[in-house]
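As structure tokens, the structure follows; a few thoughts come after it.
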Amino acid sequence: METFADYILNEQELASKMEIAYYLSKKTKIYFDKSVIFKLEITRLFLNYSRINVDNNLVLTAGLLCNCKKINNAQDINRIHTYAKEGAEFLDTLGFNKKFCKICEEINRYSGSNPREKESDILELIDNFGAMLLDRPERIGFKPDEALVLLEHRNFKDKYNRYMTTFIEFVNFMEKIQVSGVVEMTALRKLVKIYNESEDITKYIKDVVYEFEPTVDKLINKQEEKVAKRMFADEENPNRPLFSEETTKKIMSHINNSNLEKNKNINESIV
């Protein structure tokens, strides 16, 4: 008998996955709002950019459901510390396997689950970063570059996340993608703008899937083509150094060491 887990994991179309999760939220009252879709889109973009060796379908499905028991009350510290584990336990009842539930439990580190799944490190970064871009009652959302600084030097100051460097590169790359409109802005800021202007979650899903994604994906492809052309031009440049400075230093050091060893052997043979 097919479980809910089988049903949503077997659905390969991301927009359809969103719709399934939306109707699950209506039936079971799990946490599911525009911020889930907002972070999911950042996850999709990051996976496409980084090409990390993970099952994208698994990561994106987990991104839809990992906050299913999250609460809006920031004052309820006990629930903040337990909602990820409670969510994993709930997902287990829907037929998801142990790895999937563990990935979702590790969206934060309160349960102490260790060693961490690599998929969890992806979702953890985006959960933290995405939250900082959005307005809250006590503050306005940060700009992507500001959020990146806080992510690295505050949120993860004493934590290791295997994809931090790659994620920083990704955000810096996305900040070069300019989306045209009444006012030109970077892709991530455009995603925030759509979030703020969409009246409800169904409207936001449509705006992201049918307007934002096709436009930004084309712009990303163009940017990647530009980068590839610059790299190719560098390779064709006859005046370009054969090795980087770092590589040159390593090679010269190796040569010097080899010469010293050679001279040492010659001297020993003479003696």
Side-chain angles (χ1 to χ4, degrees), residues 1-33 35-72 76-131 151 155-156 158-164 166-167 170:
M1 181 178 176
E2 187 181 52
T3 65
F4 175 82
D6 297 324
Y7 178 52
I8 194 168
L9 283 168
N10 289 336
E11 175 54 65
Q12 298 297 313
E13 202 62 46
L14 187 55
S16 297
K17 280 185 187 291
M18 295 178 190
E19 186 178 7
I20 293 168
Y22 171 72
Y23 284 111
L24 175 70
S25 72
K26 291 295 183 184
K27 182 179 179 181
T28 62
K29 305 299 181 185
I30 62 171
Y31 183 88
F32 192 79
D33 67 0
S35 68
V36 175
I37 304 305
F38 176 79
K39 293 173 185 177
L40 189 71
E41 178 58 16
I42 297 176
T43 305
R44 186 191 73 86
L45 291 168
F46 178 62
L47 291 172
N48 289 348
Y49 167 84
S50 63
R51 295 177 173 84
I52 293 171
N53 185 25
V54 293
D55 182 341
N56 286 10
N57 179 50
L58 181 70
V59 176
L60 291 168
T61 307
L64 269 173
L65 299 170
C66 60
N67 282 312
C68 61
K69 291 297 180 180
K70 186 177 178 180
I71 59 170
N72 281 317
D76 192 342
I77 302 300
N78 290 331
R79 287 298 307 281
I80 288 174
H81 287 183
T82 61
Y83 79 81
K85 187 171 180 57
E86 290 171 4
E89 291 168 353
F90 170 73
L91 294 171
D92 178 67
T93 67
L94 298 181
F96 290 99
N97 63 29
K98 289 182 178 179
K99 179 177 179 178
F100 186 93
C101 295
K102 187 171 182 288
I103 290 168
C104 293
E105 179 180 335
E106 293 171 351
I107 188 68
N108 58 42
R109 306 200 179 200
Y110 291 119
S111 72
S113 177
N114 198 49
R116 291 175 56 79
E117 302 291 333
K118 57 185 178 179
E119 295 86 354
S120 304
D121 275 7
I122 296 171
L123 296 177
E124 178 190 46
L125 281 171
I126 293 163
D127 192 58
N128 278 264
F129 178 76
L151 184 77
N155 295 32
F156 288 86
D158 301 313
K159 298 175 184 175
Y160 170 72
N161 185 298
R162 71 195 83 189
Y163 299 122
M164 175 63 78
T166 306
F167 190 74
F170 158 71

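Counting non-hydrogen atoms of other residues, nucleotides and ligands closer than 6.0 Å to NZ of K29 gives a total of 12 or fewer.
At least one donor-acceptor pair under 3.5 Å links the side chain of E106 to the backbone N or O of E117. In this structure, N10 contributes its side chain and D6 its backbone to a donor-acceptor pair below 3.5 Å. Side chain of N67 to main chain of K70: no donor-acceptor pair is present (N/O by atom type, distance under 3.5 Å, no hydrogens or angles). A donor-acceptor contact shorter than 3.5 Å is absent between the side chain of K102 and the backbone of S113.
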Test log, rule side-chain contact (heavy atoms from CB on, under 4.5 Å), inputs I37 and Y22
CA-CA 10 Å; I37 304 305; Y22 171 72; over 6 Å; no
Run F156 and L125 through side-chain contact (heavy atoms from CB on, under 4.5 Å) and show every step you take.
CA-CA 9 Å; F156 288 86; L125 281 171; 4.1 Å; yes
Take L64 and I20, measure what side-chain contact (heavy atoms from CB on, under 4.5 Å) needs, and give me the verdict at the end.
CA-CA 10 Å; L64 269 173; I20 293 168; over 6 Å; no
E119 vs K99, test: side-chain contact (heavy atoms from CB on, under 4.5 Å). Steps then yes/no.
CA-CA 10 Å; E119 295 86 354; K99 179 177 179 178; 3.3 Å; yes
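The residue from C66, C68, S120 that alone fulfils the side-chain contact (heavy atoms from CB on, under 4.5 Å) condition with C104 is C66. Checked against E124 for a salt bridge (charged side-chain N to carboxylate O under 4.0 Å, His left out), the options K118, K39, R116, R162 give a single hit: R116. Just one of D121, I122, L151 meets the side-chain contact (heavy atoms from CB on, under 4.5 Å) condition when paired with F167; it is L151.
Checked by atom type, the side-chain pair K17/N57 shows a donor-acceptor distance below 3.5 Å. With no hydrogens or angles considered, a side-chain donor-acceptor pair links T82 and E86 at under 3.5 Å.
In this structure, the ring of F46 has its center no less than 6.0 angstrom from the ring center of Y49.
Using a 4.5 Å cut-off on side-chain heavy atoms (C-beta onward), L24 and F32 make no contact. Between L94 and I8 there is no side-chain heavy-atom pair separated by less than 4.5 Å.
For the pair K26 and Y23, the cation does not sit on the ring face, since its NZ or CZ is not both under 6.0 Å from the ring centre and inside 45° of the axis.
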